[in-house]
There are 2 protein chains.
Amino acid sequence: MEAASTKAIRRPRADSQRNREKLLVAAAAVFRETGGEGTLEAVARRATVGIGTLYRHFPTREALFEAVYRREIDQLAELARDLEGSGDPVENLRGFLHAMVGLIATKKGMIRALAIVLDGSCEITNYSQATLLSAMQRVHAPAIAAGRLRPDVSAEDVLQTVVGMCIARRDERWEAAVSRLSDVFLDGLRIDRA
Amino acid sequence: MEAASTKAIRRPRADSQRNREKLLVAAAAVFRETGGEGTLEAVARRATVGIGTLYRHFPTREALFEAVYRREIDQLAELARDLEGSGDPVENLRGFLHAMVGLIATKKGMIRALAIVLDGSCEITNYSQATLLSAMQRVHAPAIAAGRLRPDVSAEDVLQTVVGMCIARRDERWEAAVSRLSDVFLDGLRIDRA
DNA sequence: CAATTATACGGAGGCACCCTCCGCTTTCAA
DNA sequence: TTGAAAGCGGAGGGTGCCTCCGTATAATTG
């Protein structure tokens, strides 16, 4: 009947999906309030769900982080695609970096999430890591190809530098500071000087 | 008799000083081995000292960190003083940044320690923060004064950028990568282009 | 060399969090 | 309707953090 996969595969249970959603909402709230440090038990409590249910859906803290912030990461990837093939490549990269910093700024807990994603030691965040990196590459490569940036600094280098700036900056008003610093870094990357 | 302070003040007990030293040695070893994540109980065990003794000497994890790495930070400050007033100011700054990255590289646990230092919420880390910052200022200011660097980026900005790079880079061979990236950043800061 | 007293020691124990495991409940599909 | 697959909840074991206080000991005093 259903045009689903092989066969003999049940639809996911309604309560399961409901709980998953409740957990994501609760986790987003807790992480926002605590800057990404809230306990998993607090998340489960807030979602009015057992701790066991939380662990079934998200076997590690990282997995929960990734799920919570996947939407934001996808948004960045979309921005990268939108910028593709139009406008000045260096300015596109600058715009992308600023958007990234801005997005991180609005999601307090996302700083830690990004740190976890970039850590790489953890299998579960592969999707986010790959998405983020390929978004960066999409914006970075054209500027290299146009001979506008030093070719010996990779998209990964840029990504980790900017995220590093965000992590190290813990005070207020860090968003403006990091935007400025990322501009400085970008200036350092340029072969043609403005 | 003793030319000590006011009076009526006892000499510190010998066993206390001995234990403090043993704790510092043990902590340095444990933090180096675990990348700064070892448990305090492991430190106490290694020092063959009770956990209570550890907490009496170092009331928080940060305090212990700070004590362990104060020596290394002092070393950086000394380097900054040595560089003072001789040679090209931009090259001095570059050298200082590389030394800083190198020092962090040899003390794996220091990465995390620096994150704690930058956090600033804890009284005890003020010394490290102030020392590190003033060392950076000592090397940074002359380059500004000579009109060689953008004056709108502060020593604090530079410090946090480089430390951020170190924190974000968790993979192997990060030392070379961060050295290169800090050069790029420095190029961005320059007003005269090489 | 006692006796005195300020200091320091150690680790038991309370608390919080992490995560697993399994008996019970709910949903799906036949 | 009903069997069983899928999901649920939370008790409980493990570990780490930190405090507290009875005991031990070094410095000081007579």
Side-chain angles (χ1 to χ4, degrees), chain A residues 1-27 30-31 33-65 67 109 112 116 122-124, chain B residues 1-24 26-27 30-31 33-67 109 112 116 119 121-124:
Chain A
M1 298 90 188
E2 298 294 330
S5 49
T6 48
K7 205 188 141 187
I9 264 184
R10 279 197 181 192
R11 229 170 56 239
R13 281 174 53 160
D15 54 347
S16 173
Q17 284 183 275
R18 229 180 308 124
N19 280 332
R20 189 189 163 83
E21 200 55 39
K22 287 205 293 184
L23 279 167
L24 283 175
V25 171
V30 169
F31 290 159
E33 283 164 18
T34 64
E37 309 224 297
T39 75
L40 298 186
E41 258 138 27
V43 172
R45 225 177 301 125
R46 183 140 179 171
T48 54
V49 140
I51 185 69
T53 299
L54 184 152
Y55 274 97
R56 201 169 327 96
H57 283 287
F58 307 103
T60 67
R61 187 186 191 83
E62 289 77 37
L64 183 54
F65 261 117
R112 199 158 295 251
I116 288 172
C122 140
E123 284 304 311
I124 307 184
Chain B
M1 298 95 187
E2 297 295 328
S5 49
T6 49
K7 204 188 144 187
I9 263 185
R10 281 198 181 194
R11 239 179 36 245
R13 279 174 55 158
D15 54 348
S16 174
Q17 284 185 275
R18 230 180 308 124
N19 280 333
R20 190 189 163 82
E21 199 54 40
K22 287 204 295 183
L23 279 167
L24 283 174
V30 168
F31 289 159
E33 281 163 20
T34 64
E37 309 224 294
T39 74
L40 299 185
E41 258 137 27
V43 172
R45 226 177 300 125
R46 184 140 177 171
T48 54
V49 140
I51 185 67
T53 299
L54 185 152
Y55 275 97
R56 200 168 327 96
H57 283 287
F58 307 103
T60 66
R61 184 187 193 81
E62 289 76 35
L64 183 54
F65 250 117
E66 139 106 11
R112 202 159 290 255
I116 288 172
D119 198 331
S121 59
C122 140
E123 282 306 313
I124 308 184

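Within every chain, numbering begins at 1; the chains are lettered A, B, ... in the order of the sequence lines, protein sequences first and strands thereafter.
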- prompt: Are any of A/T53's side-chain N or O atoms less than 4.0 Å away from OP1 or OP2 of D/dG7?
  reply: no
Interatomic distance, A/L40 CG vs D/dG9 P [rounded to whole Å]: 16 Å
task: Side-chain contact test, heavy atoms from C-beta onward, threshold under 4.5 Å: evaluate it for A/E21 versus A/Q17 and give yes or no.
output: no
message: Any base atoms under 4.0 Å from A/A14, or only sugar-phosphate, or nothing? Heavy atoms, all strands.
response: sugar-phosphate
query: Between D/dA11 atom P and A/L54 atom CG, what is the distance in whole Å?
result: 16 Å
Length of the line joining B/D15:CG and D/dA24:P, which is rounded to integer Å: 15 Å
query: Taking the nucleotide of DNA chain D with the closest heavy atom to each, which residue, A/T48 or A/E41, is nearer the 5' end?
result: A/T48
query: Rounded to the Å, how far apart are B/I51 CD1 and C/dG13 P?
result: 16 Å
- request: Indicate, with a heavy-atom threshold strictly under 4.0 Å, whether B/R56 touches base, sugar-phosphate, or nothing.
  value: base
statement: When rounded to whole Å, the CD to P distance for the pair B/E21 and C/dA8 reads 16 Å
message: Whether B/H57 contacts C/dA8 is assessed here as follows: a side-chain N or O lying under 4.0 Å from the phosphate OP1 or OP2. Is that the case?
response: no
- prompt: Between A/G52 and B/R20, which has a closest nucleotide on DNA chain C that is more 5'?
  reply: B/R20
- prompt: Is any side-chain nitrogen or oxygen of B/N19 closer than 4.0 Å to OP1 or OP2 of C/dC9?
  reply: yes
query: Once you round to the nearest 0.5 Å, how far does CZ of A/R13 lie from CG of A/N19?
result: 9.5 Å
Polar side-chain contact A/R13-C/dT26 base: donor and acceptor under 3.5 Å: yes
- line: When rounded to whole Å, the CZ to P distance for the pair A/R11 and C/dT26 reads 19 Å
field: Donor-acceptor pair under 3.5 Å, B/R10 side chain vs C/dT5 base
entry: yes
